[in-house]
Amino acid sequence: EKAANINNKNNDDEPNPPNWCDSVILIDPSMDKAKIMDLTKHTQDSIDPNATNPERPNDIIFTADHHFSQKRYAILFAPGVYSGIDLEVGYYVQVAGLGPTPQDVTFQ
């Protein structure tokens with residue numbers, strides 16, 4: 001009986017698309033690179049201007065600001081092609097492409 005109640009749930013009870021919480025960022029191909037970078041910049045650790053890697057002096061070194069913090073993010077890419085996107089994906093950040101197949105989201 002309990003399962004029947006779940007299966008008979010009225011689909012109008014939940015919005016489509018869902019009302020995402022602030023920690024979920026939905027990106028779509030109509031957004032330009034600057035907009036995408038602006039939406040995701042708060043999920044990235046900051047750059048440490050004083051840190052260097054002696055073996056690779058041109059590397060950018062990020063801080064560990066988000067390590068072991070309460071900050072959790074999901075960056076979801078709607079199906080489409082994305083060009084020139086360069087994200088630093090840190091601790092507790094998930095990046096996922098949406099669509100029925102992996103080929104539905106392409107990064108160039």
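Side-chain atoms are counted along with the backbone in the values below, which use heavy atoms only and exclude waters and symmetry mates.
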TODO: Give, for atom OG1 of T43 and atom NZ of K41, the distance between the pair rounded to the nearest 0.5 Å.
DONE: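 Result: 11.0 Å between the selected atoms.
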- [ ] Write out all pairs satisfying side chain to side chain donor-acceptor pair (under 3.5 Å) with one or both partners inside residues 20-29, taking only residues at least two apart or from two chains.
- [x]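 Applying side chain to side chain donor-acceptor pair (under 3.5 Å) to every pair that reaches into residues 20-29, excluding sequence neighbours, yields D28-S30.
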What side-chain donor-acceptor pairs closer than 3.5 Å can you find for residues 78-87, not counting sequence neighbours?
residue	atom	partner	partner atom	Å
Y82	OH	I27	O	3.3
Y82	OH	A78	N	3.3
Y82	OH	A78	O	2.7
S83	OG	Q108	OE1	3.1

TODO: State, to 0.1 Å, how close H42 and I25 come at their nearest heavy-atom pair, and which atoms those are.
DONE: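 Heavy atoms of H42 and I25 come nearest at CE1-CD1, 3.8 Å.
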Task: Within-4.5 Å side-chain heavy-atom neighbours: L26 and L98 - done: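 Yes, side chains in contact.
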Open item on the list: Grouping I, L, V, M, F, W and Y whenever their side-chain heavy atoms are under 4.5 Å apart, do L76 and I36 come out in a common cluster?
Closed with: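 No, L76 and I36 fall in different hydrophobic clusters.
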Task: D32 CG: over 12 foreign heavy atoms closer than 6.0 Å - done: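 Above 12, so yes.
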Task: From V89, V93, V24, residue fulfilling side-chain contact (heavy atoms from CB on, under 4.5 Å) relative to Y73 - done: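 When side-chain contact (heavy atoms from CB on, under 4.5 Å) is applied between Y73 and each of V89, V93, V24, only V93 qualifies.
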- [ ] Mind checking side chain to side chain donor-acceptor pair (under 3.5 Å) for Q103 and listing every partner two or more places apart, or none if nothing turns up?
- [x]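 Checked Q103 against side chain to side chain donor-acceptor pair (under 3.5 Å); matches are T101.
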